[in-house]
Amino acid sequence: QQQVKQSPQSLIVQKGGIPIINCAYENTAFDYFPWYQQFPGKGPALLIAIRPDVSEKKEGRFTISFNKSAKQFSLHIMDSQPGDSATYFCAARSGGSNYKLTFGKGTLLTVNP
Amino acid sequence: EADIYQTPRYLVIGTGKKITLECSQTMGHDKMYWYQQDPGMELHLIHYSYGVNSTEKGDLSSESTVSRIRTEHFPLTLESARPSHTSQYLCASSPTGGGHGYTFGSGTRLTVV
């Protein structure tokens, strides 16, 4: 069964810290790796995404690092703020005609003031 | 701003009642999905559709049913609600070709008493 393993389940950092959330996958056919951010009472929203031919992608304070040989990717949040407190999901997309996403189990991030 | 709408946002209903959760999208996406999300955060795929008159069961067994008569509309029905159905239900859609992954609605918080 296709799986994406995400860790840690929860994470607490101080304002200004750099939380790191890790994901690992097995299926080498995955061709797109998005991260979603979910605030309480809302649906997940696309935050940043990367393709396997790129090792790093930055968008503002958010960076994805991708290690194709290790089949791992991670989200780093620079200069974290209390407003970044949310649940983060990594995902991996199957190629082919269906483009189905497989989600990690989520990480609850708390950034203390 | 996500162009996928779920109604109602909150629903409290008695055991045995029939309910329909509405999901509509205005983006012309051919693929639509229903996820169940409990307070433990993990997203569980319960139904999906790759187009009109196409519906499939997801990874998590659910007593709910879905229909896809129009591209933009993907309602979920529970014939006889039970307390075990209490959860948040999230609808999502994605375009042909995968695009930038899924767009999620804000969810319906269902409580069965």
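Keep in mind it's a predicted model, so treat the numbers as computed, not measured. Throughout, protein chains are lettered first and strands after them, A, B, ... in sequence-line order, and every chain is numbered starting at 1.
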Legend entry - B:L90 versus A:P44, closest heavy-atom pair with distance: CD1-CD, 3.8 Å
Legend entry - Positions in residues 67-87 of chain A that reach chain B, provided some heavy atom is under 4.5 Å away: A:T87
Legend entry - Qualifying disulfide (SG to SG under 2.5 Å) pairs, either residue in residues 25-74 of chain A, two or more places apart: none
Legend entry - A:K100 side chain reached by B:Y50 side chain, heavy atoms, under 4.5 Å: yes
Inset, instruction - Following the transitive rule for hydrophobic clusters with a side-chain heavy-atom cut-off under 4.5 Å over Ile, Leu, Val, Met, Phe, Trp and Tyr, establish whether B:F74 and B:L60 coincide in one cluster. - result: yes
Legend entry - Test of ring centre spacing under 6.0 Å for B:Y35 and A:F103: yes
Inset, instruction - Please flag which part of B:Y10 lies under 4.5 Å from any non-hydrogen atom of chain A: side chain, backbone, both or neither. - result: neither
Inset, instruction - Could you grab the distance from atom CG of A:L46 to atom OH of B:Y102, nearest 0.5 Å is fine? - result: 12.5 Å
Legend entry - Under the side chain to side chain contact (heavy atoms under 4.5 Å, CB included) test, residues paired with B:K57 that sit two or more places apart: B:H47
Inset, instruction - Establish whether A:F62 and A:V54 are linked, either directly or via other cluster members, by ILVMFWY side-chain heavy-atom contacts under 4.5 Å. - result: yes
Legend entry - Side chain / backbone / both / neither for A:Q38 at chain B, heavy atoms under 4.5 Å: side chain
Inset, instruction - Could you look at A:L101 and say if it's the side chain, the backbone, both or neither that has a heavy atom under 4.5 Å from chain B? - result: both
Legend entry - Interchain contact, B:Q88 with chain A, by part (heavy-atom threshold 4.5 Å): side chain
Inset, instruction - Group every Ile, Leu, Val, Met, Phe, Trp and Tyr by side-chain heavy-atom contacts under 4.5 Å, then state whether A:V111 and A:F39 land in the same group. - result: no
Legend entry - Cluster overlap A:I20 with A:Y25, hydrophobic side-chain contacts below 4.5 Å: no
Inset, instruction - For residues B:M41 and A:F89, report the shortest heavy-atom separation together with the two atoms involved. - result: O-CZ, 3.2 Å
Legend entry - same_hphob_cluster(A:V13, A:Y88) at 4.5 Å side-chain heavy-atom cutoff: yes
Legend entry - Any residue meeting side-chain hydrogen bond (donor to acceptor under 3.5 Å, both in side chains) with B:S49, in chain and number order, not counting sequence neighbours: B:R68
Inset, instruction - Check whether B:R9 gets within reach of chain A through its side chain, its backbone, both or neither, counting any heavy atom under 4.5 Å. - result: side chain
